[in-house]
Amino acid sequence: MLTNRSPIAKDLVLVGGGHSHVEVLRRFGMKPLPGLRITLLTRDLHTPYSGMLPGLVAGIYDFDEAHVDLRPLCQYAGARLIHDEAMELDPSAQRIVCANRPSIDYDILSINIGSRQVTDAVPGVSQFATAVKPINRFMSAWQDIVERALSFPGSRKIAVVGGGAAGVEIILAMQRRLSELLTTEQRDPAEIQFCLVSKSARVLPSFPPGVSARFEKVLRNNSIEVLTGVEAVQAGSDRLGLSDGRELALDEILWVTEGGSQAWLKNSGIAVNDEGFVEVHETLQSVSHENIFAAGDIAHVVAHPRPKAGVIAVRQGPPLARNLRSALLKKRLRAFRPQSQMLALISTGNRYAIASRGRWHTQGRWVWRWKDWIDRRWMEKYRDFPDMQAQHADSEQLLLTDEGTDSVASNAAMRCLGCGAKVAPDILTKVLRDLAPVERPEVVSGIHSPDDAALVTNAEQGLSVHTVDHLSALVDDPYLFGKISATHALSDIYAMGAAPRTALAILTVPYSAPSKVESSVRDLMTGALEVLNAAETSLIGGHTSEGSELSLGFSINGHVEQQLALLKQSAEIGDAIVLTKPIG
C-alpha cells in the first residue's frame, strides 16, 4: 500500500476495473493530483481484455497474457483497491453501497462496469444457459464445459445463442480449442457438434453484407450449423426451444445476446436509457448528476449512440481521465466524439482474422498478426508503467480543498504531533454513536459513557492476560484492515490459552478533510468490531490521532485459569499444536 503524504481533500471513486478505468489509473499514476484519494471498487482483481477473449478461449493466450492485474496498477496510481461489488448508488448522499463492506463516499464517481447478458427475459436461460458476460465468470464456466466435454465420451452438441461478432468469435474459438484437446486424446473432434442461433436474417447484422458472407463461409467450412431468423424462446437442461416450434437437443447452451445493465443502476435515480445504461454527455458526464461519469458498455452517449464494443471503452479512457481531473479542479470539460466508422478485427479461432471498416473488408493470417500486435501493445501499457511525471508547484493542490475547511490546505508538517493530533471530538462522537460493541457484564464504563479511562471490574479468579499489537496498513481497504488488525491482536490472547474480554483501540488516520477522517475511522472500526464482537470482546475505548499513514492496533485484556495458561517455556518436543483457524 502506498502512503499519501498530502492531506486528503477529495475522493474519486472508480466503480469497476474496465478498459476505461485502467487508463484512468495509469494516467493519474503518471501525474498524481495532490490531495486526491482514488479508490477502485472492483468485483474482480483481474480485468480481462475483451479483444483477447476469443484467443484465450481458443488456447492461444494464457490467463496473464489476456488480463490486466489491477493490484500493481492501483499501487502505481497510489489508489486504494477495494475488492467488493457495488449494490446500490445513493447520489443524494454521494455514497456507493457495497455487498460485503461499509458503503463508500465519493466526491466524484466514475462507473465502468461493462454490461451483462440479460438472461431473465427467456424462461430457463438463467438456470440452464451460460452467459458470456461478465467475462470473468464465463471463463470459470468455460473450464467446466471443457472438463465435461473431455470426461464424457461420445457425441455432444453445443449451441451459441447470438449471431453478432461476439457470438461468432466465441463459437469458432470453442471449436478450435475442443478439437485440439480431443485430438490430443486421440478422439474424433467431430464428436462435438456446434450450432449458432441468430434472430437476425444473417450473422453479424451490424456489419456490411460482405463481412457476413465471409463469416458464413467460415462457419460452413468448420461444419457449424447456422440457424438464422429464429429466436430462442425457452431453455431446458438438455434442449432449447425456438420461435419456429423446433426444439434442439443440446448438452450446453451459451448466451451471447445483446447486453444489459445492472439493476442497481436502474434504481439509483440517475438518468438511464430504456435499457438501463447511464446517459452521459459528450464529456462522459451524467446528464443528471455533474459529479458522476460513466464509460464503456455501461454508458450511453446521448449525442453519439454506438454499438457496444470494447474499442469504444478503450478510446474513452484518455478523455475520461482528462475530464475527471478537470471536474476535480473545477475546470472546463472537453467533449469526446467517437469515430463514426471503427476498425473491427474479428478472429476466426485459428490465428486468422477478418478486418472491416465501413464497407471495406479483407481477411488473412496477416490480419490476425496485426490484431495480435495491437492487442499485445495495449496490454503492455498496463504492465510496464512509465515514470511518474515531475510535479510543479501550481494551483492544483490549492483547489483541492474541502469547502469551508481551511485546515486541509495547510501543510501536514505543521500539524501538532502530540495531543493536538487527536481526531476531532465531533467526528469521534458521530462514529461512536453508530458502533455497537458487544456488551460484557464486567464493563462499567466504556465507549458509550466516555471518560478519561474505561472502568472494568476484576472479580474473576485466575490470571489477567494483557497484550498490545499495532500494524501499519498492509491492505488498501480500511474495513478489511480493521478486521486484520483485530484478528492479529486477539491471536496472542488465544495463543496463551486465554479468552479475550475487552479491547482498547489505537489508530492513526492520514491528514484529511473532516469528512474523510470520519469515513476512515468508521470503516476501520466497523471491520474491527465484526471481529471483536464475534470473539465476545467488548471495545471499551482507545486513542485516535492524525498522521502521515493509516495504522491500527489494539490492547487486548483477557482471562485464563492459572492451570490452563499456555507458556512458550512449557512447550516440549512431541506436543500437539491445535489450529482453530487456517494459517493466514
Side-chain angles (χ1 to χ4, degrees), residues 100-102 422-471 473 477-509 517-545 550-568 578-582:
N100 302 300
R101 71 173 311 281
K422 289 181 179 179
V423 170
D426 58 331
I427 294 176
L428 281 178
T429 299
K430 290 174 66 177
V431 174
L432 294 176
R433 185 174 57 222
D434 299 330
L435 297 180
V438 65
E439 295 183 2
R440 295 196 61 87
E442 61 265 41
V443 177
V444 177
S445 175
I447 65 171
H448 290 309
S449 53
D451 214 309
D452 290 326
L455 296 176
V456 182
T457 60
N458 189 21
E460 289 182 292
Q461 297 296 317
L463 300 176
S464 182
V465 186
H466 303 266
T467 186
V468 63
D469 265 305
H470 191 266
L471 299 173
D477 187 346
Y479 164 75
L480 180 58
F481 177 49
K483 298 181 74 170
I484 292 172
S485 296
T487 302
H488 185 70
L490 288 169
S491 64
D492 286 343
I493 297 290
Y494 292 132
M496 298 294 292
R501 293 286 190 263
T502 59
L504 293 168
I506 314 102
L507 68 90
T508 301
V509 293
V517 174
E518 181 183 338
S519 69
S520 295
V521 175
R522 189 184 305 277
D523 283 356
L524 282 169
M525 298 316 299
T526 298
L529 269 183
E530 287 187 13
V531 172
L532 294 174
N533 287 354
E536 298 185 353
T537 303
S538 180
L539 179 67
I540 58 174
H543 180 82
T544 62
S545 62
L550 187 68
S551 65
L552 177 64
F554 292 91
S555 173
I556 309 290
N557 178 52
H559 177 267
V560 65
E561 297 297 331
Q562 186 164 352
Q563 68 275 17
L564 297 179
L566 300 176
L567 306 177
K568 290 180 179 178
V578 178
L579 300 178
T580 58
K581 290 183 178 180

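Any value given below was found using the heavy atoms of this structure, including those in side chains, with hydrogens, waters and symmetry copies removed.
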Which pairs would a plain distance check flag for residues 463-470, meaning a side-chain donor or acceptor within less than 3.5 Å of a matching protein atom at least two apart in sequence or in another chain?
unit_1, atom_1, unit_2, atom_2, d
Ser464, OG, His466, NE2, 2.9
Ser464, OG, Asn557, OD1, 3.0
His466, ND1, Asn557, OD1, 3.4
Thr467, OG1, Asp492, OD2, 3.4
His470, NE2, Ser551, OG, 3.4

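For the residue pair Ser545 and Thr508, a side-chain donor N or O sits within less than 3.5 Å of a side-chain acceptor on the partner.
Between Leu504 and Gly542, the shortest heavy-atom contact is CD2-N, 3.9 Å. For Leu471 against Phe481, the heavy-atom pair with the smallest separation is O-CZ, 3.3 Å. Nearest heavy atoms, Ile493 versus Ala499: CG2-C, 3.9 Å. Gly462 and His559 get closest at one heavy-atom pair: CA-NE2, 3.8 Å. For the residue pair Leu490 and Pro500, the shortest heavy atom distance occurs at CD2-CB, 3.6 Å.
Without hydrogens or angle criteria, Asp523 side chain to Pro478 main chain gives no donor-acceptor distance under 3.5 Å. For the pair Arg440 (side chain) and Glu536 (backbone), a donor-acceptor distance under 3.5 Å is present. Put simply, the side chain of Ser491 never gets that close to the backbone of Ala489: no donor and acceptor are under 3.5 Å apart. Checking side-chain atoms of Ser485 against main-chain N and O of Gly482 turns up no donor-acceptor pair under 3.5 Å.
To the nearest 0.5 Å, atoms CE (Met525) and CG (Leu507) are separated by 6.5 Å. With rounding to the nearest 0.5 Å, the separation of OG1 in Thr502 from CD1 in Ile540 is 4.0 Å.
The side chain to side chain contact (heavy atoms under 4.5 Å, CB included) check on Ala486 picks up Ala528, Val531, Leu532, Phe554, with sequence neighbours excluded. Scanning for salt bridge (charged side-chain N to carboxylate O under 4.0 Å, His left out) contacts around Glu561 gives an empty result, with sequence neighbours left out. The side chain to side chain contact (heavy atoms under 4.5 Å, CB included) search around Ser520 returns Arg37, Val509, not counting sequence neighbours. Applying the side chain to side chain contact (heavy atoms under 4.5 Å, CB included) rule to Glu530 yields the partners Tyr479, Lys483, Thr526; only residues at least two apart in sequence or on another chain are considered. Residues satisfying the side chain to side chain contact (heavy atoms under 4.5 Å, CB included) test with Leu480, not counting sequence neighbours, are Val475, Asp477, Ile484.
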